[in-house]
Amino acid sequence: MTALRVLFLGGTGIISSASSWRAVEAGLDLTVVNRGKTSARALPPEARVLTADVGDATAFAEVAGQEFDVVVDWLAFTPGQVRARTDALRGRVGQYVFISSASAYQTPPARLPITESTPLRNPFWQYSRNKIACEDLLNGLYRDEGYPVTIVRPSHTYDRTLVPFDGGWTIVERMRRGQPVVVHGDGSSLWTLTHHRDFARGLVPLLGHPRTLGEAFQITSDDVLTWDQIAHTLAAAAGVTAQIVHVPSDAVAAVHPAWGAGLLGDKTHSAVFDNTKLRQVVPDYVATIPFETGAREIITWHDEDASRRRVDADIDEAMNTLIARYTV
């Protein structure tokens with residue numbers, strides 16, 4: 001039996017890197033196209049690598065001139081990018097998998113848990129609105145011409161390189177200095193963190209699966225924590241105790257608009273997901289990596305190299321400002 005020919009547009013990112021390894025382990029014939037820049041995440045040696053800028057129409061046309069059973073697009077963020085990819089691939093691909101985002105769901109959600117039928121509407125974050133527009137375009141292509149589309153919605157997916165707070169390592173550095181850290185709201189909103197290896201366990205079986213066309217699937221962990229628990233778990237992995245100061249998200253946005261946009265458009269609101277639809281197609285899917293394990297991986301990786309422990313000076317200063325205002 002001929003191996004499924006799969007093209008990843010991207011493949012060394014936080015989410016995609018684990019999927020690259022999982023695809024090879026599953027026996028898929030994987031080709032990855034990227035710009036060839038240095039990445040902290042190595043590709044499996046079995047993967048064929050093409051160096052090209054997928055945003056360059058001429059370069060991408062050469063890639064799209066080959067035939068693949070599946071193309072997974074990790075790098076499309078606007079309808080224009082999706083239109084260019086789907087035009088170039090028309091008639092040459094059996095499945096186009098668009099990596100969308102769970103932040104596209106109704107924000108705040110009217111009910112939990114979130115399912116694939118939860119409405120898409122995010123008035124707070126342009127990134128999410130762009131993803132919604134991409135999905136609208138793809139659903140139209142499927143409806144009008146049967147274009148072989150599958151939409152995948154990850155939520156907050158991380159690997160060892162990603163501290164799951166805005167500002168990255170900044171919050172860990174502050175905790176190790178004995179400084180307080182800001183957690184938005186009252187710290188009790190629920191959040192789902194998904195390890196990238198768990199995400200890959202859900203994604204790869206969808207590739208080439210005939211029951212996925214015209215459908216959307218979310219892939220998340222079932223491990224749900226409060227933001228205070230996330231902060232305390234990171235602190236424990238770093239060998240310290242977290243001193244938390246709670247600050248309303250709109251106050252954060254007033255001091256640091258970029259940080260606030262991600263809070264108001266995503267992290268402020270509880271996000272708990274129902275993966276029933278995914279399990280109807282991938283019956284053995286289960287996320288097995290709790291954040292306690294992931295947090296230790298994060299701390300270990302950053303501690304291995306001082307250059308990885310970068311502090312965001314703007315968010316560090318914003319925390320100082322907010323803490324001064326909200327500490328009694």
Side-chain angles (χ1 to χ4, degrees), residues 1-13 15-34 43-44 46-50 52 54-55 57-77 79-101 116 131 134-154 199-219 277-285:
M1 181 176 177
T2 304
L4 199 70
R5 295 164 299 174
V6 177
L7 174 68
F8 278 8
L9 305 183
T12 58
I15 304 180
S16 60
S17 56
S19 296
S20 295
W21 286 88
R22 190 73 177 184
V24 167
E25 290 169 4
L28 307 187
D29 180 1
L30 179 65
T31 299
V32 174
V33 58
N34 58 36
L43 285 166
E46 298 88 345
R48 184 165 65 112
V49 180
L50 302 178
V54 298
T58 301
F60 185 67
E62 294 182 9
V63 174
Q66 307 175 48
E67 291 196 7
F68 295 95
D69 300 302
V70 180
V71 173
V72 181
D73 195 343
W74 304 93
L75 301 176
F77 303 97
Q81 292 170 332
V82 169
R83 175 67 73 181
R85 311 272 214 273
T86 52
D87 284 349
L89 292 166
R90 184 173 276 104
R92 297 181 178 277
V93 65
Q95 181 190 30
Y96 173 80
V97 180
F98 172 65
I99 304 299
S100 185
S101 169
E116 286 82 357
K131 288 289 191 179
C134 291
E135 290 200 29
D136 287 344
L137 188 158
L138 290 167
N139 286 327
L141 288 176
Y142 177 77
R143 182 174 57 249
D144 296 341
E145 60 181 270
Y147 202 101
V149 171
T150 301
I151 294 169
V152 172
R153 300 180 187 132
F199 175 87
R201 291 188 181 99
L203 175 77
V204 170
L206 298 179
L207 307 185
H209 197 302
R211 290 174 55 190
T212 66
L213 300 184
E215 299 284 352
F217 297 88
Q218 58 195 25
I219 304 175
K277 183 176 180 180
L278 174 66
R279 291 192 178 98
Q280 289 172 347
V281 180
V282 188
D284 60 351
Y285 173 72

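Excluded from the calculations below are hydrogen atoms, water molecules and symmetry mates; all remaining heavy atoms, backbone and side chain alike, are included. The first residue of the sequence shown is numbered 1, and numbering continues consecutively from there.
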Enquirer: Between atom CZ of Arg5 and atom CD of Gln66, what is the distance when rounded to the nearest 0.5 Å?
Expert: 10.0 Å
Enquirer: Taking the side chain as every heavy atom from C-beta outward, state whether Lys277 and Glu215 have any atom pair closer than 4.5 Å.
Expert: yes
Enquirer: Measuring only between side-chain heavy atoms, which start at C-beta, is Leu138 closer than 4.5 Å to Tyr96?
Expert: yes
Enquirer: Evaluate the criterion side chain to side chain contact (heavy atoms under 4.5 Å, CB included) for residue pair Leu206 and Val97; output intermediate values, then yes/no.
Expert: CA-CA 9 Å; Leu206 298 179; Val97 180; over 6 Å; no
Enquirer: Hey, are the side chains of Val63 and Val54 touching, using non-hydrogen atoms and a 4.5 Å cut-off?
Expert: no
Enquirer: What distance do Phe98 atom CZ and Leu137 atom CG have between them, rounded to the nearest 0.5 Å?
Expert: 9.5 Å
Enquirer: Working to the nearest 0.5 Å, report the span between OG of Ser100 and CD of Gln218.
Expert: 11.0 Å
Enquirer: For Glu116 and Arg153: C-alpha separation, side-chain torsions, deciding distance, then whether side chain to side chain contact (heavy atoms under 4.5 Å, CB included) applies.
Expert: CA-CA 9 Å; Glu116 286 82 357; Arg153 300 180 187 132; 4.1 Å; yes
Enquirer: So, for Tyr285 and Arg201, which heavy atoms are closest and what is the spacing to 0.1 Å?
Expert: CD1-C, 3.9 Å
Enquirer: Distance from Asp136 atom CG to Leu141 atom CG, nearest 0.5 Å?
Expert: 11.0 Å
Enquirer: Looking at Gly202 and Ile219, what are the two nearest heavy atoms and their distance?
Expert: C-CD1, 3.7 Å
Enquirer: Just one of Val72, Thr31, Val32 clears the side chain to side chain contact (heavy atoms under 4.5 Å, CB included) bar with Leu7, so which one?
Expert: Thr31
Enquirer: Decide yes or no for Phe68 and Leu89: does some side-chain heavy atom of the first lie under 4.5 Å from some side-chain heavy atom of the second?
Expert: no
Enquirer: Set out, in order, the CA-CA distance, both residues' side-chain angles and the distance that settles side chain to side chain contact (heavy atoms under 4.5 Å, CB included) for Leu9 and Phe60, then state yes or no.
Expert: CA-CA 10 Å; Leu9 305 183; Phe60 185 67; 3.7 Å; yes
Enquirer: Surrounding CZ of Phe77 (heavy atoms of other residues, nucleotides or ligands, distance under 6.0 Å), is the total greater than 12?
Expert: yes
Enquirer: Can you give each donor-acceptor pair under 3.5 Å made by side-chain atoms of residues 18-26, sequence neighbours left out, with the distance rounded to 0.1 Å?
Expert:
residue: Ser20; atom: OG; partner: Gly11; partner atom: O; Å: 3.0
residue: Ser20; atom: OG; partner: Ser16; partner atom: O; Å: 3.3
residue: Trp21; atom: NE1; partner: Ala42; partner atom: O; Å: 2.8

Enquirer: Considering residues at least two apart in sequence or located in another chain, which fulfil the ring pair (Phe, Tyr, Trp, His ring centres under 6.0 Å) criterion with Phe8?
Expert: Trp74
Enquirer: Can you list the steps and then say if Phe217 with Val282 is a side chain to side chain contact (heavy atoms under 4.5 Å, CB included)?
Expert: CA-CA 11 Å; Phe217 297 88; Val282 188; over 6 Å; no
Enquirer: Looking only at heavy atoms, which two atoms of Gln81 and Leu75 are closest? And how far apart?
Expert: OE1-O, 3.8 Å
Enquirer: What's the spacing between Thr150 OG1 and Leu213 CG if we round to 0.5 Å?
Expert: 5.0 Å
Enquirer: Suppose the criterion is side chain to side chain donor-acceptor pair (under 3.5 Å): which pairs have a residue in residues 83-93, not counting sequence neighbours?
Expert: Asp73-Arg85, Asp87-Arg90, Arg90-Glu145
Enquirer: Please identify which of these residues, Leu30, Leu28, Asp69, meets the side chain to side chain contact (heavy atoms under 4.5 Å, CB included) condition with Leu207.
Expert: Leu28
